[in-house]
Visitor: 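Here it is, the structure in full.
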Protein chains: 2
Amino acid sequence: MPAATIKDVAREAGVSVASVSRALNGGRGVTAETGQRILEAAQRLRYVPHAAARMLITRRTNTVGALLPDLYGEFFSELIRGIDLAARSRGLHLLVSSSHDDAEAAAAALRAMQGRVDGLLLMSPHADADFLRQNLPQNLPTVLINTRLSGADYCALSVDNDGGARLMVEHLLSLGRRRIVFIQGPPGNRDATQRELGYRESLASHAPDSPMMMLRGDFSEESGYRAGHQVLAMRPRPDAVFAANDMMAIGCLAALREAGLRIPQDIAVGGFDDVPMARYVTPPLTTIQVHIAELGGQAMALLGEQLDHPDDVRAGSRRRVDAELVVRASSAAPSG
Amino acid sequence: MPAATIKDVAREAGVSVASVSRALNGGRGVTAETGQRILEAAQRLRYVPHAAARMLITRRTNTVGALLPDLYGEFFSELIRGIDLAARSRGLHLLVSSSHDDAEAAAAALRAMQGRVDGLLLMSPHADADFLRQNLPQNLPTVLINTRLSGADYCALSVDNDGGARLMVEHLLSLGRRRIVFIQGPPGNRDATQRELGYRESLASHAPDSPMMMLRGDFSEESGYRAGHQVLAMRPRPDAVFAANDMMAIGCLAALREAGLRIPQDIAVGGFDDVPMARYVTPPLTTIQVHIAELGGQAMALLGEQLDHPDDVRAGSRRRVDAELVVRASSAAPSG
DNA sequence: CTGAAAGCGCTTACAG
DNA sequence: CTGAAAGCGCTTACAG
């Protein structure tokens with residue numbers, strides 16, 4: 001037997017469908033007594049309003065879409081969880097889509113979401129200004145997460161990579177380290193670039209005499225390991241390494257320890273991300289923690305505001321999620 | 001300006017809406033020439049069919065729902081990724097919902113999905129037979145993932161915990177270990193119980209003379225650490241530890257090493273899950289790997305079959321995803 | 001307060 | 001091949 005419709009409820013309660021609709025949507029415009037009768041009838045029939053019909057007439061889907069580059073790994077896991085929680089608390093459903101290999105696939109995913117969502121959370125390497133102009137349905141509330149976009153047409157939210165990196169450099173400097181080498185991430189990667197910028201800025205302003213030293217990496221543990229070997233060959237040897245992410249820091253740590261260096265006595269090591277593993281390597285890794293779930297939650301909050309007040313969207317509004325220094329054993333004063 | 005509708009396209013192309021619909025849905029029933037004209041008009045207007053209207057009339061949402069207990073952590077991260085990939089390859093959208101603290105919240109989430117999805121992937125601690133009968137919309141194709149349900153009314157998919165645990169025990173036995181202690185998971189946890197069962201079965205059938213030894217744990221690293229101390233106190237000391245999950249194995253490893261035991265020479269340690277960290281502890285952890293993404297993918301495949309052939313649903317069909325032994329340095333022959 | 005009716009944007013028999 | 005029309009299940013002015 002097919003699911004009950006509003007007609008069935010109306011018949012069961014002996015009223016019109018209009019009254020059923022009113023009773024079930026807040027109960028305004030019906031007497032308490034009719035309302036009660038309708039509610040009971042609906043319960044008896046296990047009536048659940050047909051979502052599509054409601055969407056069609058109200059032009060509201062009560063759903064938000066999340067377009068992400070991937071779902072795998074710590075970062076996305078936390079991000080989507082933050083989004084999910086915030087969406088649920090607003091009574092919104094969450095439609096996810098990820099793993100778009102190229103811009104065309106991302107565009108298709110974007111199109112496919114059209115009409116299914118009231119708003120969009122978008123994080124994509126393809127999301128430059130052109131792409132958005134081409135593919136984003138106009139008037140669809142959208143919040144950009146961690147995109148490289150600098151334009152002022154959309155709300156955007158990102159991690160404070162720059163500030164986080166500065167925290168790390170200042171921490172290392174405060175320990176008395178003066179020869180801090182930076183292991184870069186993949187060229188063109190936005191996070192990596194911003195973290196490097198923070199390193200440069202902080203060093204320039206707080207220790208103008210300290211040399212800026214860069215080693216190439218690609219975020220992989222292996223590249224960190226290789227960079228570790230390069231560090232070993234540098235003369236005079238750096239007294240601290242700051243890797244643009246934890247995995248490289250971990251690889252570097254391994255290379256340095258294999259060579260017999262004591263950490264942090266001989267050389268301090270810092271990373272970025274605070275992956276779960278950071279606490280488990282030997283010695284535990286000093287790093288920068290970002291509250292990713294909060295990133296997702298705040299993005300959802302921003303989107304929620306747009307949904308509630310479509311008129312005064314503060315397009316171009318930017319917000320950042322703070323990063324935080326987590327000191328562990330891999331960094332300490334040279335003496336001890 | 002509001003989004004273009006099928007009427008706009010019809011007017012633009014100078015045909016009826018019926019023809020537009022036919023042209024855009026496979027092009028059967030229109031001449032190539034008209035079809036072409038319609039396609040161009042649609043493109044010009046950036047026409048995207050209104051999803052809700054289509055759902056309403058076709059009774060198809062082209063969406064599947066995934067109800068999960070959580071989204072956080074390695075397991076769910078991989079699971080949802082496997083689901084997402086498989087869904088996309090079938091042209092299906094993915095609606096997710098998670099973190100239902102109690103049965104009532106899970107029920108509400110289930111109800112909210114009604115009418116929004118063509119099928120359901122369900123993994124929930126609350127999903128016992130009663131719960132499903134009460135809350136699952138009838139006739140909604142559903143695949144249960146890793147539920148404790150033994151009934152024969154639904155398709156179900158689960159991890160082969162039992163077989164995986166047997167692999168580990170057989171491995172340890174093959175190394176000559178004869179006193180293998182098992183660290184249990186949380187009481188009532190299905191995975192934990194099945195893994196323990198595998199331990200018992202395997203020991204009983206392959207080494208009936210070996211003692212069965214159980215220590216209580218709760219899947220946390222701390223509980224593994226505590227269990228490690230208990231292991232140290234046992235006389236004669238076990239020559240191998242099999243923890244019901246990796247985190248406990250890692251905690252146990254720490255306790256044993258702190259006490260000066262050599263691993264694996266003095267005692268071998270095995271875990272279950274193959275979390276990313278397993279490769280990074282010292283020594284790297286021997287464990288059981290489960291292809292979680294495959295679990296998600298296969299669940300989606302099972303659901304896809306039901307969607308394609310609603311008539312011959314093989315309700316009650318069970319399937320398991322294999323587990324695999326990954327040997328690392330934490331286990332080896334006692335000699336070295 | 002209540003109901004009849006229009007209409008949201010589609011698809012699909014049904015005629016022509 | 002093509003179009004007019006019905007209808008999917010709702011909500012919401014509009015009357016009464």
Side-chain angles (χ1 to χ4, degrees), chain A residues 1-39 41-42 45-63 111-118 137 139, chain B residues 1-39 41-42 45-63 111-118 137 139:
Chain A
M1 120 198 133
T5 73
I6 196 171
K7 269 187 176 170
D8 300 321
V9 179
R11 194 180 315 117
E12 177 86 6
V15 296
S16 72
V17 294
S19 290
V20 176
S21 176
R22 282 189 284 255
L24 265 32
N25 291 317
R28 296 168 48 85
V30 290
T31 57
E33 195 245 337
T34 339
Q36 186 57 31
R37 195 153 35 111
I38 292 172
L39 237 61
L45 267 41
R46 286 167 166 258
Y47 171 67
V48 178
H50 192 92
R54 192 175 245 172
M55 287 182 208
L56 183 57
I57 193 78
T58 61
R59 331 248 61 183
R60 259 253 183 188
T61 64
N62 286 313
T63 304
R111 246 176 284 132
M113 286 232 171
Q114 197 172 139
R116 299 176 164 270
V117 299
D118 297 332
N139 299 328
Chain B
M1 124 198 128
T5 74
I6 196 170
K7 268 187 177 169
D8 301 320
V9 180
R11 193 181 315 116
E12 176 86 5
V15 296
S16 72
V17 294
S19 289
V20 175
S21 177
R22 281 189 286 255
L24 263 33
N25 292 314
R28 296 169 48 87
V30 291
T31 56
E33 196 245 339
T34 342
Q36 185 58 30
R37 196 155 35 118
I38 292 172
L39 237 61
L45 266 42
R46 286 166 166 261
Y47 171 66
V48 177
H50 191 93
R54 191 176 246 172
M55 286 182 209
L56 183 57
I57 192 78
T58 61
R59 329 251 62 184
R60 260 254 183 188
T61 63
N62 287 312
T63 303
R111 245 175 283 132
M113 286 231 170
Q114 198 173 138
R116 299 178 165 267
V117 300
D118 297 332
N139 298 327

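So you know, we letter chains A, B, ... as the sequences are listed, proteins then strands, and number each from 1.
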Visitor: Between C:dG9, C:dA4, C:dC8, which nucleotide has the shortest distance from any of its atoms to the side chain of A:Ala18?
Guide: C:dA4

Visitor: Taking all non-hydrogen atoms of both residues, which atom of B:Thr5 and which atom of B:Tyr47 are closest, and how far apart?
Guide: C-CE1, 3.5 Å

Visitor: Whole Å only: how far is the CG atom of A:Asp8 from the C1' atom of D:dG9?
Guide: 11 Å

Visitor: Determine: side-chain N/O of B:Thr31 to OP1/OP2 of D:dC1, distance under 4.0 Å, yes or no.
Guide: no

Visitor: What is the separation between atom CG on A:Leu56 and atom C1' on D:dT12, rounded to the nearest whole Å?
Guide: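 Checked: the CG to C1' distance equals 14 Å.
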
Visitor: In whole angstrom, what separates A:Ile38's CD1 from C:dC1's P?
Guide: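 Atom CD1 in A:Ile38 sits about 12 Å away from atom P in C:dC1.
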
Visitor: For D:dT11, does either OP1 or OP2 sit under 4.0 Å from a side-chain N or O belonging to A:Thr58?
Guide: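 For D:dT11, neither OP1 nor OP2 has a side-chain N or O of A:Thr58 closer than 4.0 Å.
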
Visitor: Could you state the atom-to-atom distance from CZ of B:Arg11 to C1' of C:dG9 in whole Å?
Guide: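 Distance check: B:Arg11 CZ to C:dG9 C1' gives 13 Å.
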
Visitor: Taking only the side-chain heavy atoms of A:Thr34 (C-beta and beyond), determine which of C:dA5, C:dT11, C:dT2 contains the nearest atom.
Guide: C:dT2

Visitor: Would one find a side-chain N or O of A:Thr5 under 4.0 angstrom from OP1 or OP2 of D:dC8?
Guide: no

Visitor: NZ of B:Lys7 versus P of C:dG7: gap in Å, rounded?
Guide: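 In whole Å, C:dG7 P and B:Lys7 NZ are 9 Å from each other.
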
Visitor: Could you pick out which residue, B:Ala53 or A:Asn25, lies toward the 5' side of DNA chain D when each is mapped onto its nearest nucleotide?
Guide: B:Ala53

Visitor: What is the distance from NE2 of B:His50 to C1' of D:dC8, rounded to the nearest Å?
Guide: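 After rounding, the gap between these two atoms is 13 Å.
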
Visitor: Between B:Ile6 (CD1) and C:dC8 (C1'), how many Å, whole number?
Guide: 13 Å

Visitor: Indicate the atoms forming the closest heavy-atom contact of B:Val20 with B:Ala10, along with that distance.
Guide: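 In terms of heavy atoms, the two residues are closest at CG2-CA, 3.6 Å.
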
Visitor: Checking the side chain of A:Thr63 only, and the main-chain atoms of A:Thr61 only, is there a donor and an acceptor separated by less than 3.5 Å?
Guide: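 Yes.
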
Visitor: Using the closest heavy atom to pick a nucleotide of DNA chain D for each, name whichever of A:Tyr47 or B:Ser16 lands nearer the 5' end.
Guide: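 Final value for this comparison: B:Ser16.
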
Visitor: Assess the residue pair B:Asn25 and B:Arg54 against the criterion (side-chain hydrogen bond (donor to acceptor under 3.5 Å, both in side chains)); give the C-alpha distance rounded to whole Å, side-chain angles, the decisive distance to 0.1 Å, and a yes or no.
Guide: CA-CA 11 Å; B:Asn25 292 314; B:Arg54 191 176 246 172; 2.8 Å; yes

Visitor: Check this one for me: any side-chain N or O of A:Arg59 less than 4.0 Å away from OP1 or OP2 of C:dG9?
Guide: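 For C:dG9, OP1 or OP2 has a side-chain N or O of A:Arg59 closer than 4.0 Å.
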
Visitor: Starting the side chain at C-beta, find the nucleotide from C:dG3, C:dA13, C:dT11 nearest to B:Arg22.
Guide: C:dA13

Visitor: If each of A:Val17 and A:Arg37 is mapped to the nucleotide of DNA chain C with the nearest heavy atom, which maps nearer the 5' terminus, i.e. the 5' end?
Guide: A:Arg37

Visitor: Please determine whether side-chain contact (heavy atoms from CB on, under 4.5 Å) holds for the pair A:Arg116 and B:Arg116, giving the CA-CA distance in whole Å, both sets of side-chain angles, and the decisive distance to 0.1 Å.
Guide: CA-CA 10 Å; A:Arg116 299 176 164 270; B:Arg116 299 178 165 267; over 6 Å; no

Visitor: Tell me which nucleotide among C:dT2, D:dT2, D:dG9 gets nearest to the side chain of A:Ser19.
Guide: C:dT2

Visitor: What integer distance in Å separates B:Arg54:CZ from C:dC8:C1'?
Guide: 16 Å

Visitor: Side chain of A:Ile57: nearest nucleotide among D:dT11, D:dG3, C:dC10?
Guide: D:dT11

Visitor: With both distances under 3.5 Å as the test, what is the Watson-Crick or G-U wobble partner of C:dA4?
Guide: none

